[in-house]
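For reference, the structure is listed below as C-alpha cells.
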Amino acid sequence: MRERVAEETYWLELTAPEIAAQAAPGQFVMVGFGASAWGIPFLPRPNSVAAVRGEHIGLLIRVYGAGSRRLTALKPGEEALVLGPLGTHFELNGARRILCVAGGVGLAPFLLLPAWPPLVSCGAEVRLLYGERQAAAVFDPGKLREISGLEAEIWTEDGSLGSHGRVTDGVDLNGVDLVLTCGPTPMLKAVRALAVEAGVACQLAVEEHMACGVGTCIGCAIETVDPETGEAGYSLVCSDGPVFPAERLRW
Amino acid sequence: MRERVAEETYWLELTAPEIAAQAAPGQFVMVGFGASAWGIPFLPRPNSVAAVRGEHIGLLIRVYGAGSRRLTALKPGEEALVLGPLGTHFELNGARRILCVAGGVGLAPFLLLPAWPPLVSCGAEVRLLYGERQAAAVFDPGKLREISGLEAEIWTEDGSLGSHGRVTDGVDLNGVDLVLTCGPTPMLKAVRALAVEAGVACQLAVEEHMACGVGTCIGCAIETVDPETGEAGYSLVCSDGPVFPAERLRW
Amino acid sequence: MVDLSIQVFGVDFQNPVLLASGTCGYGEEYADIIPVDELGGIVTKAVTPEPRAGNPPTRVSETPGGMINAIGLANVGLARFRREKLPWLRDNLSKARVLVNVAGWSVNDFVKVVAGLDDADGFLGYEVNVSCPNVEGGTMFGTDELSLAQLVRALRAITERPLVVKLTPNVADIGVFADICEENGADGLSTINTFPGMVIDIEARRPVIGNVTGGISGPAIRPMGVFATWKVASRVKLPVIGIGGICNARDAMEYMLAGASLVQIGTAMFVDPYTAPETIKGLHDICERQGVAQLSELVGALEA
Amino acid sequence: MVDLSIQVFGVDFQNPVLLASGTCGYGEEYADIIPVDELGGIVTKAVTPEPRAGNPPTRVSETPGGMINAIGLANVGLARFRREKLPWLRDNLSKARVLVNVAGWSVNDFVKVVAGLDDADGFLGYEVNVSCPNVEGGTMFGTDELSLAQLVRALRAITERPLVVKLTPNVADIGVFADICEENGADGLSTINTFPGMVIDIEARRPVIGNVTGGISGPAIRPMGVFATWKVASRVKLPVIGIGGICNARDAMEYMLAGASLVQIGTAMFVDPYTAPETIKGLHDICERQGVAQLSELVGALEA
Ligand SMILES: Cc1cc2nc3c(=O)[nH]c(=O)nc-3n(C[C@H](O)[C@H](O)[C@H](O)COP(=O)(O)OP(=O)(O)OC[C@H]3O[C@@H](n4cnc5c(N)ncnc54)[C@H](O)[C@@H]3O)c2cc1C
Ligand SMILES: Cc1cc2nc3c(=O)[nH]c(=O)nc-3n(C[C@H](O)[C@H](O)[C@H](O)COP(=O)(O)OP(=O)(O)OC[C@H]3O[C@@H](n4cnc5c(N)ncnc54)[C@H](O)[C@@H]3O)c2cc1C
Ligand SMILES: Cc1cc2nc3c(=O)[nH]c(=O)nc-3n(C[C@H](O)[C@H](O)[C@H](O)COP(=O)(O)O)c2cc1C
Ligand SMILES: Cc1cc2nc3c(=O)[nH]c(=O)nc-3n(C[C@H](O)[C@H](O)[C@H](O)COP(=O)(O)O)c2cc1C
Ligand code: FES
Ligand code: FES
C-alpha cells in the first residue's frame with residue numbers, strides 16, 4: 001500500500017511478518033532492490049519503522065533524492081528487500097511523562113510508540129510536538145490519529161497550520177521526566193540543549209549515511225563520548241544507535 | 001500499449017509522430033531512458049520499426065537481457081527516449097517478386113513492408129517465410145495478419161507449428177527477383193549463400209552492438225567490402241546500414 | 001541573467017559545455033539533432049597521420065553505470081580530416097569552439113598531425129590524447145614521464161595554438177603528469193580518459209569486446225574523474241577540462257567546483273543527444289537558484 | 001552434482017566465494033543473518049598494530065553503480081582482534097576459511113601484526129592490504145616497487161602461512177607489481193582494491209565525504225577488476241583472488257574465466273547479505289546448465 005500523506009511525503013506499507021513482530025520505536029529497516037539491479041538506488045536506505053499492523057510495517061517517507069523517490073514509487077505487489085528491525089530503540093526507563101519532539105519525517109518512530117507493549121504496560125503519558133516548515137508538509141492529523149492514536153501538537157515555521165514557530169518553541173519540560181526526539185540535526189541539537197539545561201533525561205534518534213545497516217562497513221560513524229570515562233570516539237548509528245542518550249553525543 | 005504476442009515476446013506501441021511519419025522497413029529507433037537514470041539499461045537499445053499506425057510506432061521485442069526486459073516492462077503513460085528513424089531501409093529497385101526470410105524477432109521490419117508507400121505503389125508480390133525454434137515463440141498469425149496484412153509461411157525447428165525444419169529449408173528462389181532477410185547471423189549467412197548462388201539480389205538487415213545509433217561513436221562496425229574496388233574495411237551498422245546488399249558484407 | 005561564459009586559453013567560451021572526443025564524430029553527425037553551435041564547443045574524434053579502420057567488432061557494450069569501448073582510434077586520417085571535415089566545422093560553427101583531438105604512436109606522429117593542421121581554419125587548438133588504452137603502446141606517453149615531457153615540448157615548439165593534454169587516470173599519481181605538462185609548455189589539461197576494463201561472455205567464454213579489453217566511461221567513473229580534476233587543479237595553474245560521466249548540470253557543477261574551467265560530455269550523449277543542451281540550461285538554472293551571477297566564479301570554489 | 005570446491009594455498013576451499021575485507025566486519029556481524037560457515041571464507045576488516053577510530057563522518061555514500069567509502073581503517077587493533085575476534089572465528093567457522101587483512105604504514109607495522117598473530121588459531125593466512133587509499137601514505141607500498149618488494153620479503157621471512165597481497169588498480173601496469181610479489185615469496189594476489197574518487201555536494205560546495213576523498217567500489221568497477229585479474233593471472237603463476245563489483249554468480253564466473261581461483265564479494269553484501277550464499281548457489285546452477293562437473297576447471301578458461 002502506498003498513500004500520499006503530505007507534499008512529497010508518502011505512507012508505505014510493506015509485508016514483513018518477522019520485522020512486524022519485533023520492531024520497537026526508533027528501530028529502522030534497510031530497504032533496497034538487490035545488488036543485481038544496480039540502478040538507482042544501489043545501496044539500500046535506512047527508514048524508521050513507523051507502524052506495525054499485523055504482518056505489515058508502515059514507513060513514512062519524504063522524497064528527497066533518488067532513493068526515496070524509488071521507494072515511494074513502489075507499486076502494490078512489487079518486491080523490495082527489507083532487512084530489520086535494526087538498531088537500538090527508545091527506552092522508557094520507568095518514565096511517567098514523556099515529551100516527544102518530532103521534526104519532519106522524524107515523526108515516524110513516534111507513530112509506533114503508543115502501540116508498543118512496554119509503553120502500553122507502563123501507561124506513561126505521551127505528549128507529541130510535531131514541526132514542519134509549512135502546512136502542505138504536515139502529515140494529515142486524521143491519518144496520524146488513525147495510525148498511531150496520537151494527537152500531535154502541530155507547529156509550522158510560517159504559521160500556516162497549528163502554532164506559529166519552530167517546534168522547539170513548544171518545548172515545555174515542566175513535569176516531564178523523559179524527552180524523546182527525532183528530526184533534522186539542528187533541531188535535535190536544540191532539543192538536547194533544552195533537556196540538558198533542565199536536567200531532564202533525553203534520547204535522540206540520529207541519522208548518518210549508511211551502507212550495510214548491520215555494523216560491518218563501519219560507515220555510519222558519529223562522534224560520541226563515553227559518559228563514564230569522558231573518552232571521545234565514534235559510535236555506529238546502525239548498531240550502537242540510532243537512538244542515543246543525550247550524554248553520549250559529542251555535540 | 002504493450003501486449004504479449006509469444007513466449008517472452010512483446011508488441012509495444014509508442015507515440016512518436018515524427019518517426020511514424022518517416023519510418024521505412026529496415027530502419028530502427030534507439031530507445032532509452034535518459035542519462036541521469038543511469039540504471040539498467042544505461043545505453044539505449046536499437047529496435048526495428050515494425051509498424052506505423054497514425055502517430056504511433058510498433059516494436060516487436062523479445063526479452064533477452066536487461067535492456068529488452070526494461071523496454072517490455074514499459075507501462076502505459078510512461079515515457080522513454082526514442083530517437084529515429086535511423087539507418088538505411090530495404091530498397092525495392094523495381095523488383096516484382098520479393099521473398100522475405102525472417103528468423104525470430106527479425107520478423108519486425110517485414111511487418112512494416114506492405115503499408116510502405118513504395119511497395120504499395122509498385123505492387124510487387126511479397127512472400128514471407130518466418131522461422132522460430134518452436135510454436136510457443138511464434139508471433140500469433142492472426143495478430144501478424146492484423147498488423148501487417150501479411151500471411152506468413154511459418155517454420156519451426158521442432159515442427160510444433162507450420163512446416164518442420166529451418167526457415168532456410170523453405171527458401172525457393174524460383175522466379176524471385178529480390179530477397180530481403182533479417183534474423184540471427186547464421187540464418188542471414190545461409191540465406192545470403194543461397195541468393196548469391198542463385199544470382200538473386202539480396203539485402204540483409206544486420207545487427208551489431210550500438211552506443212549512439214547516429215554514427216558518432218564508430219562502435220557498430222561490421223566487416224564489409226567495397227563491391228567495386230574489392231577493398232576490405234568496416235562499415236557502420238547504424239548509418240551505413242542496418243540494411244546492406246549481400247555483396248557489401250565480408251562474410 | 002546568469003553569465004555562463006568563461007575565458008579560457010585567452011578566448012571566450014559562451015558556456016563551459018563541450019562534447020568529448022570520440023563521442024561526437026566531427027560535429028557534423030549531430031548537426032541535424034542538436035544546435036551544435038550553441039555549445040561551448042566540441043572536441044573531434046582523434047586524428048592520426050594516416051586513416052585507421054579501427055578494431056574488429058564488437059567494439060562497444062554496456063557495463064554497470066557506463067560502457068566499454070575499443071574503437072581503436074578509427075578515423076579518416078589527417079588529409080581527409082583537413083579536406084572534408086575541417087571545412088564543415090569552419091563554415092558551421094561560429095560560436096562553439098573546436099579542439100582537434102590528436103593521437104599517435106611516436107612524437108613524430110603527433111608532430112605530423114599538428115604541423116599538418118596548424119595553418120588551417122576552423123578550430124581553436126589541440127587536445128593531445130596520450131591516454132588511449134586501446135592501441136599497442138597507446139598509453140606510453142600518458143604513463144611515461146620522460147616521453148610525455150618530450151612530446152609536449154615538441155608540440156609546443158611548432159604551434160602557438162592552445163595545447164591541451166588529455167591525461168589518463170591509469171597512473172599512481174596523476175599530479176606528477178600534470179606537472180610535466182605544465183613545465184613543458186602545455187596550455188591546459190583534460191581529465192580524464194577511460195579506465196582499462198574487460199567484459200566476459202560467460203556462455204561463449206570469450207571477451208565481449210573484439211579487442212579483448214577496452215576503456216570504461218560513463219557515470220560509473222564520475223567520482224574518479226572529479227577526484228582527478230580536483231587533484232590536478234589543486235596542483236597546477238593551467239586551466240583544467242573536467243571529463244567523465246557527466247550526465248547533467250549537477251554533475252558538471254561537481255567538476256567545476258573541483259576546479260574545472262570547462263567540462264566535456266561523452267557517453268551521456270549516446271544515451272540522449274540533448275544531454276549537452278540540457279546541461280547548459282541546467283547550469284543556468286542552478287546559478288539562478290543559488291544567486292550566482294557569473295558561473296566562472298564557481299571554478300574551484302570547493303571548500304575542502 | 002557439481003563440485004564447487006577448489007584447492008588453493010594447499011588447502012581445500014568448499015567453494016570459491018569469500019567476503020571481502022571491510023565489508024563483513026569480523027564475520028560475527030553476519031552470523032545471525034547468513035550461514036557464514038557455508039561460504040568459501042571471509043577476509044576480516046583490516047587489522048593494524050594499534051586500534052584506530054577512523055575518519056570523521058560522512059564515511060560512505062552512493063555513487064553511480066557503486067559507493068564511495070573513507071572508513072580510515074577503523075579497527076580494534078591487534079591485541080583486541082586476537083583476544084576478542086579470533087576466538088569467535090575459531091569456534092564458529094570450521095569449513096569457511098579465514099584470511100586476516102593486515103594494514104600499516106611501515107614494514108614494521110605489518111610485521112607487528114603478522115608476528116602478533118602467527119601462533120594463534122582461527123585463521124588460514126594473511127591478505128596484505130598495500131592499497132588502502134584512505135590514509136596518508138596508504139598507497140605507498142602498493143605503488144612503489146621497492147617498498148613492496150621489501151614488505152613482501154619481510155613478511156615472508158616471519159610466516160609460513162599463506163601470504164596474499166592485495167593490489168591496487170591505481171598504477172600504470174598492475175602486472176609489474178604482481179611480478180614483484182611473486183618474486184619475493186607471496187603465495188597469492190588479490191585484485192582489486194578501490195579506486196580513489198570524490199563526490200561533491202553542489203549546494204554546500206563541500207565534499208560529501210568527511211575525508212574529502214574515498215575509494216570507489218561496487219559494480220561500477222567490475223570491468224576494471226576483471227581486466228586487472230586477467231592481466232595478473234596471465235602474467236604470474238600465483239593463484240589470484242578476483243574482487244570488484246561481484247553481485248551474482250555470472251559476475252563471479254567472469255572473474256574465474258579471467259583467471260581467478262577465488263573471488264570476494266564486498267559492496268554487494270551491503271545491498272543484500274544473501275548475495276554471497278546466492279552466488280554460491282548460482283555457480284552451482286550455471287555449472288549444471290553448462291555441463292561442468294568441476295568448477296575449478298573453468299579457472300582461466302577464457303578464450304582470448
Ligand atoms: C536510522 C535512520 C532512519 C531514517 N528514517 C527515515 C524515515 O522514516 N523517513 C524518511 O523519509 N527518511 C528516513 N531516513 C533518511 C533516509 O534513509 C534517506 O537517507 C533519505 O530518504 C534520503 O535518501 P535519498 O536516496 O532519497 O537521497 P539521496 O540524496 O539520493 O541519498 C544519497 C545518499 O545520501 C544518504 N542520505 C541522504 N540523506 C540522508 C539522511 N538524512 N540520513 C542518512 N543518510 C542520508 C543516502 O542514504 C544515500 O546514501 C532515515 C535515516 C536513518 C539513518
Ligand atoms: C538495427 C537493429 C535492430 C534491432 N531490432 C530488434 C527488434 O526489432 N526486436 C528485438 O527484440 N531486438 C532487436 N534488436 C536487438 C536489440 O537491440 C537488443 O540488443 C536485444 O534486445 C538485446 O538487448 P538486451 O539489453 O536485452 O540484452 P543484453 O544482453 O543486456 O545487452 C547487452 C549489450 O549487448 C547488446 N546486444 C545484445 N544482443 C544484441 C544484438 N542481437 N544486436 C545488437 N546488440 C546486442 C545490447 O545492445 C547491449 O549493449 C535489434 C538490433 C539492431 C542492431
Ligand atoms: C566510444 C568512445 C570513443 C572515444 N574516443 C576517444 C578518442 O578518440 N580520443 C580521446 O581522447 N578520447 C576518446 N574517448 C574518451 C572520451 O573522450 C572521454 O574522455 C571518456 O569517455 C570519459 O567521459 P564520459 O564518461 O563522459 O564518456 C572515447 C570514448 C568513447 C566512449
Ligand atoms: C566500506 C568498505 C571498507 C573496506 N575496507 C577494506 C579494508 O579494511 N581492507 C581492504 O583491503 N579492503 C577494504 N575494502 C575494499 C574491499 O575489500 C574490496 O576490495 C572493494 O570494495 C572492491 O570490491 P567490491 O566492489 O565487491 O566492494 C573496503 C571496501 C568497502 C566498501
Ligand atoms: S551502516 Fe554499516 S556500520 Fe553502520
Ligand atoms: S552506434 Fe555509434 S556509430 Fe553506430
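Below, chains carry the letters A, B, ... as their sequence lines are ordered, and counting in each starts from 1.
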- Message: Within the supplied structure, the quantity of interest is the number of heavy atoms (other residues, nucleotides, ligands) at a distance under 6.0 Å from C/E203 CD; does it exceed 12?
- Response: yes

- Message: Please rank C/A220, C/C24, C/G27, C/G245 by heavy-atom pairs under 4.5 Å with chain B and give me the top one.
- Response: C/C24

- Message: Is B/I218 in contact with chain C via its backbone, its side chain, both, or neither, using a 4.5 Å heavy-atom distance?
- Response: both

- Task: Could you look at C/S61 and say if it's the side chain, the backbone, both or neither that has a heavy atom under 4.5 Å from chain B?
- Result: both

- Shortest non-hydrogen separation from C/E62 to B/L43 and the atoms involved: OE1-N, 2.9 Å

- Please say whether more than 12 non-hydrogen atoms of neighbouring residues, nucleotides or ligands are located less than 6.0 Å from CD in B/E78. yes

- Which pair of heavy atoms, one from B/E208 and one from C/P57, lies closest together, and at what distance? OE1-CB, 3.7 Å

- Task: Using a cut-off of under 4.5 Å on heavy-atom pairs, state which of C/G210, C/G266, C/G22 scores highest against chain B.
- Result: C/G22

- Message: Restricting to non-hydrogen atoms, name the atom on B/Y234 and the atom on C/G54 that form the minimum distance, rounded to 0.1 Å.
- Response: CE1-O, 3.5 Å

- Item | Part of C/I246 lying under 4.5 Å from any heavy atom of chain B | neither

- Query: Which heavy-atom pair separates B/A221 from C/R59 by the least distance, and what is that distance?
  - Reply: CB-CZ, 3.2 Å

- Query: Between atom OG1 of B/T216 and atom CD1 of C/I33, what is the distance when rounded to the nearest 0.5 Å?
  - Reply: 8.0 Å

- Of the listed B/G65, B/G215, B/A211, B/S239, the one with the largest count of heavy-atom pairs under 4.5 Å with chain C is B/A211

- Taking atom CD of C/E50 as the centre, does the number of heavy atoms from other residues, nucleotides or ligands within less than 6.0 Å exceed 12? no

- Nearest 0.5 Å please: distance from the NE2 atom of B/H209 over to the CD1 atom of C/I68. 11.5 Å

- Item | Note, C/T63 side chain near B/F42 side chain (heavy atom, < 4.5 Å) | no

- If you count heavy-atom pairs under 4.5 Å with chain B, which of C/G218, C/A74, C/G25 comes out on top? C/G25

- Hey, what do you get for CG (B/L83) to CG (C/D272), rounding to the nearest 0.5 Å? 8.5 Å

- Message: Tell me whether B/R133 at atom CZ has more than 12 heavy atoms from other residues, nucleotides or ligands lying less than 6.0 Å away.
- Response: no

- Taking the side chain as every heavy atom from C-beta outward, state whether C/V60 and B/M210 have any atom pair closer than 4.5 Å. no

- Do the non-hydrogen side-chain atoms of C/P273 and B/V214 ever get within less than 4.5 Å of each other? no

- When you look at CG of C/D91, are more than 12 heavy atoms from neighbouring residues, nucleotides or ligands closer to it than 6.0 Å? yes

